[in-house]
Protein chains: 2
Amino acid sequence: MARAGLTPERLVAAAAELADEAGLAQVTASAVARRFDVRAASLYSHIGGTDDLRTGVALLALREMADRVAEALAGRSGRDALAAFAGAYRDYARAHPGRYEAARLPLDHETAMASAGVRHSELARAVLRGYDIAEPDQTHAVRLLGSVFHGYISLEAATGFSHTPVDSDASWQWTLDRLDALLRSGSAG
Amino acid sequence: MARAGLTPERLVAAAAELADEAGLAQVTASAVARRFDVRAASLYSHIGGTDDLRTGVALLALREMADRVAEALAGRSGRDALAAFAGAYRDYARAHPGRYEAARLPLDHETAMASAGVRHSELARAVLRGYDIAEPDQTHAVRLLGSVFHGYISLEAATGFSHTPVDSDASWQWTLDRLDALLRSGSAG
DNA sequence: GCATTTGCCTAAAGCCTGTAGGAAACCTAC
DNA sequence: GTAGGTTTCCTACAGGCTTTAGGCAAATGC
């Protein structure tokens with residue numbers, strides 16, 4: 001019997017594809033095994049189980065998003081940086097909905113601290129450097145950015161904002177404009 | 001054999017409790033049956049199955065949230081209304097995390113239109129009446145409110161914003177202040 | 001070439017979903 | 001009060017996913 005060449009990395013990569021195609025709920029040891037033409041039991045020497053697989057997808061997504069956001073941010077500041085930051089997340093979520101979904105899985109503290117999650121808040125702070133906001137307002141602003149972009153993306157994914165005639169892209173631009181103005185009003189708030 | 005008195009309403013109510021106690025993922029036909037000391041197969045004449053049960057929790061949560069938000073909004077306007085609106089959602093999510101989670105489930109279009117979901121956007125528009133914002137900006141603003149509050153609540157639930165010394169309530173108040181100012185700057189963009 | 005390690009296998013137990021058909025409890029009405 | 005009909009819950013079963021245990025075959029190393 002020829003070997004399939006299973007590794008944790010390849011299993012997680014397949015799980016990520018499956019998540020994007022069919023949703024995170026379909027990411028199971030069984031379904032991933034099927035992709036490799038292998039029995040489900042064979043995965044268990046490489047990964048801990050279904051939860052592990054999903055956590056792996058989450059960590060992959062956090063890394064990939066941080067990479068893309070960092071790239072989008074290079075050489076930009078102010079409103080440009082804000083739009084690039086937000087756009088990178090939105091584009092990623094649209095291209096990889098299952099991975100994005102996985103990225104919102106709760107991680108235990110240790111795993112979270114070792115993940116690319118920490119880079120995300122650093123990147124948000126990089127955006128805010130264009131706005132001259134001191135602590136503790138800077139932390140508040142990091143949370144605001146995370147909230148509004150994650151919130152928008154997740155509502156857009158769920159509903160598509162589809163039951164009104166107003167275009168979602170227009171709302172996105174409007175939101176970026178207003179956030180830019182909000183941040184520009186600075187620590188003086 | 002004494003009858004357990006199963007009804008769709010009682011099953012959904014038990015599912016909602018279970019969701020709050022153990023998370024939406026634990027809401028299964030099996031687990032709910034256990035609560036009634038009944039075989040899982042017995043549920044299937046009352047509800048369609050596990051998905052139905054979760055959808056039922058979602059619809060319940062949407063109704064309950066709309067009720068609470070409407071009550072919180074009564075007699076308020078401006079920043080007061082904004083804070084009451086946002087606070088009602090946040091309080092509900094903290095008191096009923098599983099129901100809140102369920103409320104974000106995607107519903108098919110028909111179900112969504114018949115749900116209390118439509119009341120939520122009406123309530124957001126009620127808050128915005130205190131700010132004199134015309135269409136299409138009003139729609140943009142409805143989406144912004146939904147995004148930022150849902151985003152904040154879901155990030156707060158996932159991470160507790162716990163790995164920094166800055167208090168989450170302080171960020172919440174800061175966010176309300178800034179949003180109030182943002183909306184007050186009005187249609188003048 | 002032979003021994004060891006590694007990789008995938010089969011087997012099996014346990015839990016969950018959902019369908020089918022049966023029996024007991026409840027209701028209605030005579 | 002009891003006969004008939006309906007409702008409610010039951011048992012039985014088929015099928016899927018998870019995960020552990022133990023085996024054989026392929027790859028690796030000496």
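Just so you know, these numbers come straight off a predicted model, no measurement behind them.
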Checklist entry - Does the side chain of A:Val148 reach to within under 4.5 Å of the side chain of B:Tyr152, using non-hydrogen atoms? => result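 When only atoms from C-beta onward are counted, B:Tyr152 and A:Val148 do not touch, as no gap falls below 4.5 Å.
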Checklist entry - Taking side chain as C-beta onward, heavy atoms only, is B:His150 less than 4.5 Å from B:Arg104? => result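 A side-chain contact exists here, since the closest heavy-atom pair is under 4.5 Å.
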From the set [options], return the single nucleotide nearest to any side-chain atom of [X].
X       : options               : answer
B:Arg39 : D:dC10, C:dC16, C:dG7 : D:dC10
B:Ser30 : D:dC9, D:dT19, C:dT17 : C:dT17
A:Arg34 : D:dC17, D:dC9, C:dC9  : D:dC17
A:Ala41 : C:dC8, C:dT10, D:dC9  : C:dT10
B:Tyr44 : D:dC9, C:dC9, C:dT19  : C:dT19

Checklist entry - Using a cut-off of 4.0 Å on non-hydrogen atoms, how would the nucleic acid contact of B:Ser42 be classed: base, sugar-phosphate, or nothing? => result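 The answer is base, as B:Ser42 lies within the cut-off (heavy atoms under 4.0 Å) of a base atom.
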Checklist entry - Just checking A:Ala31: base, sugar-phosphate only, or nothing, at a heavy-atom cut-off of under 4.0 Å? => result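 The residue A:Ala31 makes no contact with any strand.
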Checklist entry - Does a distance-only test, which skips hydrogens and angles, find a donor-acceptor pair under 3.5 Å between the side chain of B:Arg3 and the base of D:dT7? => result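 A donor-acceptor contact between them is present.
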Rounded to whole angstroms, how far apart are [atom1] on [X] and [atom2] on [N]?
X       : N      : atom1 : atom2 : answer
A:Leu11 : D:dT18 : CG    : P     : 13 Å
B:Asp37 : D:dT8  : CG    : P     : 19 Å
B:His46 : D:dT6  : NE2   : P     : 18 Å
B:Asp51 : C:dT17 : CG    : P     : 10 Å
B:Leu53 : C:dT17 : CG    : C1'   : 12 Å

Next on the checklist: Please tell me if B:Thr28 has a side-chain N or O lying less than 4.0 Å from either OP1 or OP2 of C:dC16.
Outcome noted: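 So the side-chain polar atoms of B:Thr28 never come under 4.0 Å of the phosphate oxygens OP1 or OP2 of C:dC16.
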Checklist entry - Are B:Tyr100 and B:His96 close enough that their ring centres sit under 6.0 Å apart? => result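 Distance test on ring centres: not under 6.0 Å, no.
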Next on the checklist: Quick check: B:Phe36 with B:His46 (ring centres under 6.0 Å apart)?
Outcome noted: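 No.
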